[in-house]
Amino acid sequence: MESLKPRPTDVMVKCLAELIRDGEVVYHGLTSQIPVLAMAYAWRRLGRRFTWLSVSESNMPVVERVRVEPSSGGPGTEPLSVGVVTTMDVFDLAARGRVDVMFFGAAQIDAWGNTNLTVIGSYEKPKVKLPGGAATAFLFPLVKRILIWARHDRRTLVERVDFVTGQGRWRVERGLETLLCTNKALIEFTREGPVLRALHPGVSVEEAQAESGFKLLVPEEPRVIEPPDELGMRIIWEHDPEGLRYLQKYG
Amino acid sequence: MESLKPRPTDVMVKCLAELIRDGEVVYHGLTSQIPVLAMAYAWRRLGRRFTWLSVSESNMPVVERVRVEPSSGGPGTEPLSVGVVTTMDVFDLAARGRVDVMFFGAAQIDAWGNTNLTVIGSYEKPKVKLPGGAATAFLFPLVKRILIWARHDRRTLVERVDFVTGQGRWRVERGLETLLCTNKALIEFTREGPVLRALHPGVSVEEAQAESGFKLLVPEEPRVIEPPDELGMRIIWEHDPEGLRYLQKYG
Amino acid sequence: MPSSKLASLGEAVELVEDGASITISGITFSRNPMAFIAALVKAGRRDLYFIDREPGLGLDVLAAAGALRGVRAAMATFELYGLMPTLRRLVEEGRVEFLEDTCGAVIAGLRAAAYGLGFMPVRGVLGSQLVELHERAGTWRVIRDPFTGEEVVAVKAIEPDVAVVHAHYCDEYGNCVIEGPRYEDELKIRAARRVIITAEQIVESDALRRLPHTLSSTSVHVDAVVHAPGGAWPTAMYGLYPADYDAIREYRDYAREGRAREWIEGRLLSRWGW
Amino acid sequence: MPSSKLASLGEAVELVEDGASITISGITFSRNPMAFIAALVKAGRRDLYFIDREPGLGLDVLAAAGALRGVRAAMATFELYGLMPTLRRLVEEGRVEFLEDTCGAVIAGLRAAAYGLGFMPVRGVLGSQLVELHERAGTWRVIRDPFTGEEVVAVKAIEPDVAVVHAHYCDEYGNCVIEGPRYEDELKIRAARRVIITAEQIVESDALRRLPHTLSSTSVHVDAVVHAPGGAWPTAMYGLYPADYDAIREYRDYAREGRAREWIEGRLLSRWGW
């Protein structure tokens with residue numbers, strides 16, 4: 001067990017965890033070590049009870065036994081599943097409006113919540129060929145609440161994404177909840193614009209704005225996301241004893 | 001064990017059995033006790049080796065253990081299946097051109113091999129509401145060889161079917177094999193018309209024609225379908241110890 | 001954690017309203033949810049619209065109980081026991097509407113609903129007079145493949161209000177397993193608005209852990225779970241009991257004489273304490 | 001009886017021609033058919049077009065071996081180990097074409113092929129710039145639902161020339177079972193023109209009798225069956241062995257230095273006697 005001092009990554013875990021509600025149907029995809037920890041945190045520290053599904057095709061795993069690995073899609077992360085529930089099955093449920101929460105990463109995100117996971121530069125002449133959006137374009141119009149996690153800097157939070165992989169604007173115009181947990185803040189995308197809902201401890205509104213490539217709305221004083229307490233940190237470490245969550249360098 | 005003397009029903013079983021070839025993918029549907037016996041006969045008496053699939057979702061059953069029941073769709077007929085292969089799976093294979101043989105019944109059939117399993121009289125004001133065509137309309141355009149079994153009389157072999165459930169003409173115009181085993185004869189539907197290929201023992205061309213509501217072509221002397229021999233009859237009885245095959249009254 | 005969905009037959013039957021469209025598990029004489037059908041008869045449900053590929057006993061019992069306004073099926077048969085004893089008569093008399101379908105198209109329509117789509121294309125079918133029936137009913141339309149221009153039948157999504165499926169075992173949340181033939185039951189579970197699982201056995205979720213196979217239904221699909229041991233009788237239950245053909249033939253004989261109701265009350269409802 | 005399809009890796013690889021489109025089983029670091037990928041590298045296959053939903057190691061190895069002309073995938077990632085070490089560079093240099101897809105549309109395209117259809121509609125997707133890419137590529141088209149008039153994306157059937165699937169056990173005819181996560185492998189088996197199953201274990205058909213579950217593939221789907229114990233290494237095999245993350249990270253490090261080929265020959269091909 002390493003330090004119980006929460007780092008920004010751990011605050012992101014808690015930020016995402018708090019956005020999961022009782023009774024919801026929650027699914028995570030690949031490279032989703034942080035969402036997996038958020039689901040475990042929501043279950044164990046916040047006592048939320050939801051239907052846990054995932055790209056590893058597990059169903060209602062024994063949460064205490066969840067362990068993040070370099071892949072969040074293999075059989076190692078979520079053992080003791082109740083049978084096998086395929087991703088196809090979950091995506092069909094999503095198409096029927098039955099999936100409540102899905103997590104997505106983003107290399108770029110704009111003021112509408114449009115996300116880019118496709119390419120930096122142009123599609124034809126890429127500067128950086130990104131992994132691709134996976135289910136992003138498919139699920140953005142279908143899932144009730146989309147939780148995005150990303151780095152809070154001006155390369156990521158941009159005025160205009162190089163490529164619209166995830167159609168955030170489509171969601172926002174229809175009033176579908178779309179939220180972003182960064183390593184500094186919690187931002188909600190609304191019809192009026194991106195609203196700064198909460199800040200990591202020690203981060204000011206000015207800093208959050210300065211590191212954003214688009215204008216943040218601050219209709220009321222953002223709350224502070226209390227970092228995980230000692231019990232919370234013990235739970236996070238229990239599920240990630242190697243500290244893999246820090247590999248993505250959110251601090 | 002009852003009489004080993006073959007009856008017309010038993011000759012129909014053999015007529016159908018002889019139309020199954022080595023290596024083919026063969027599927028049977030509901031109310032298909034006669035096709036089930038034909039498949040068992042082809043396997044055991046004629047030594048044909050094929051992929052045995054069915055509406056009971058069995059796959060490569062132990063043929064020696066096959067027993068006809070009042071339903072050919074339940075788990076009783078074909079025990080000891082190699083796993084479960086769904087009808088949906090087989091129908092998808094058919095849509096991809098991978099199913100070679102399917103058996104269909106018909107309440108009426110015309111000179112093109114169009115079949116009616118829908119209604120006697122008009123659809124809106126039925127004289128007799130028939131069971132319906134099941135997969136007929138779906139599979140007629142898709143399966144390589146369709147084997148129909150029906151009663152040989154002028155109420156069944158008609159000039160014009162009351163309702164085109166099975167699009168025989170569609171098949172025949174495309175040169176797809178479409179054959180009919182009756183309790184008197186084997187007829188093949190061709191672009192030129194229905195050809196009398198073979199007769200049950202003791203049935204004359206004249207009798208077969210007299211009991212048909214459409215003109216039969218007789219380009220060459222029809223062969224005689226030799227009835228099942230004693231071993232063949234023992235096999236049929238083994239698979240149908242109660243003589244359920246005679247319930248459909250083909251003689 | 002999803003919520004517990006355990007219910008009695010009497011409670012679950014409240015999920016089916018008069019006039020609802022309904023589909024059931026199994027085929028002719030296998031794995032029909034007969035316990036639930038008894039509950040529907042007991043509750044006096046009316047004007048149901050019945051959708052299935054190849055139904056048998058369960059359908060005729062509902063017809064005989066006066067529960068149906070219409071049927072959509074690819075084949076409705078008692079197999080070697082002849083035409084559907086009651087339904088056949090009701091359709092011939094014009095008292096129940098019957099829309100004949102064909103297997104692949106029923107599957108396509110259920111798939112469309114299960115995948116959240118408005119329609120699905122289907123191969124085959126063209127050239128059958130069924131096309132006219134369905135174009136008139138608004139359930140199929142002949143369209144062109146947008147890539148090849150080829151004509152193809154589009155089937156409108158078939159989304160029954162309720163699917164009732166009799167399974168081998170199920171936990172209280174609705175994670176269930178069917179063994180042996182599935183027919184389209186796993187698809188029906190995914191196509192319907194509401195799903196009721198009746199099961200031979202209710203098991204702890206823990207008993208389903210390490211099961212290396214896909215579930216027939218998950219908690220997300222299911223609205224009610226009913227413990228109904230022997231709930232397919234007199235139809236067959238793979239691995240557990242064969243079809244009771246004597247009982248089915250007896251029903252058929254009663255029904256042909258117009259006395260189906262007697263059999264239903266004396267033989268079926270009585271089994272469930274009604 | 002279907003014919004026996006038992007083959008060696010070397011025999012089965014003859015079913016894949018230069019220029020073929022290919023899809024493989026598993027996801028990023030799980031159940032990739034690595035033994036067969038080694039055989040493809042050994043045989044020097046070129047110009048393959050790779051289609052998958054969320055590939056990882058197997059794809060990068062093929063890219064590093066110079067076997068690919070193009071890739072169609074929803075996401076190609078090494079997850080916590082970063083961007084695809086080789087493929088990323090080849091795409092940035094314009095040496096391998098990449099068509100980005102999205103999960104639901106990949107599934108729809110595979111379903112179309114599996115069901116013998118020319119196309120399938122898919123929900124979602126509209127509003128993403130992926131639509132422009134695919135309309136240009138001729139793989140998607142925005143059409144109208146023939147019943148509601150609503151706009152919907154039609155995905156052209158995705159019918160790979162070959163699917164290579166690593167399974168838990170299989171009989172000589174091709175009746176196979178995958179345990180644990182399936183991903184889209186059962187669908188890929190049904191969508192592809194040719195199917196190669198590599199299996200941890202070859203079993204007698206009799207061992208699959210009384211199995212109350214559906215098969216992952218049947219004899220009708222499969223063209224070759226290869227015995228390849230440990231054939232997913234270093235990716236994970238549910239119930240049998242975990243991902244060998246040390247080996248995967250080692251590959252990644254070699255690949256980043258442009259030395260993937262060394263690792264492939266020294267560590268992967270050598271395992272299979274090459």
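Treat the numbers as computed from the prediction; the structure is a model and nothing was measured. In what follows, chains carry the letters A, B, and so on, assigned in the order in which the sequence lines appear, proteins first and then strands, with residues in each chain numbered from 1.
Counting heavy-atom pairs closer than 4.5 Å to chain D, the top residue among Val119(A), Leu247(A), Leu139(A), Thr87(A) is Thr87(A). Counting heavy-atom pairs under 4.5 Å between each of Gly76(A), Ala137(A), Gly73(A), Pro141(A) and chain D puts Ala137(A) at the top. Highest contact tally toward chain D, considering only Ser71(A), Gly121(A), Ala135(A), Gly74(A), is held by Ser71(A) [criterion: heavy-atom pairs under 4.5 Å]. When each of Val68(A), Val128(A), Asn114(A), Val55(A) is checked for heavy-atom pairs under 4.5 Å with chain D, Val128(A) comes out on top.
Here the side chain of Glu54(D) pairs no donor or acceptor atom with the backbone of Leu30(A) at under 3.5 angstrom. A side-chain donor-acceptor contact under 3.5 Å links Arg123(D) to the backbone of Ala95(A). A donor-acceptor contact shorter than 3.5 Å links the side chain of Thr102(D) to the backbone of Phe138(A).
In this structure, the side chains of Glu79(D) and Gln33(A) come closer than 4.5 Å at one or more pairs of heavy atoms. Annotation: side chain of Phe91(A) is in contact with side chain of Cys103(D) (closest heavy-atom distance under 4.5 Å). Side-chain contact between Glu184(D) and Met88(A) is present, with at least one heavy-atom pair separated by less than 4.5 Å.
Proximity to chain A involves both the backbone and the side chain of Tyr238(D), based on heavy atoms less than 4.5 angstrom apart. Only the side chain of Ala236(D) comes within contact range of chain A, judged by heavy atoms closer than 4.5 Å. Residue Val122(D) touches chain A through its side chain alone, counting heavy-atom pairs closer than 4.5 Å. Of the atoms belonging to Leu142(A), it is side-chain heavy atoms, and not backbone ones, that fall under 4.5 Å from chain D. In this structure, the portion of Leu133(D) lying under 4.5 Å from any heavy atom of chain A is its side chain and not its backbone. With a threshold of 4.5 angstrom between heavy atoms, Leu130(D) approaches chain A through its backbone and through its side chain.
Here NZ of Lys129(A) is found 11.5 Å from CG of Leu90(D). Values are rounded to the nearest 0.5 Å.
With hydrogens and angles left out, the side-chain atoms of Tyr183(D) and Glu57(A) include no donor and acceptor closer than 3.5 Å. Side-chain N/O atoms of Thr118(A) and Glu100(D) include a donor and acceptor closer than 3.5 Å.
Between Arg182(D) and Asp89(A) no salt bridge is recorded (no basic side-chain N to carboxylate O distance below 4.0 Å). Taking the charged nitrogens against the carboxylate oxygens, Arg136(D) and Glu124(A) do have a contact shorter than 4.0 Å, which makes a salt bridge.
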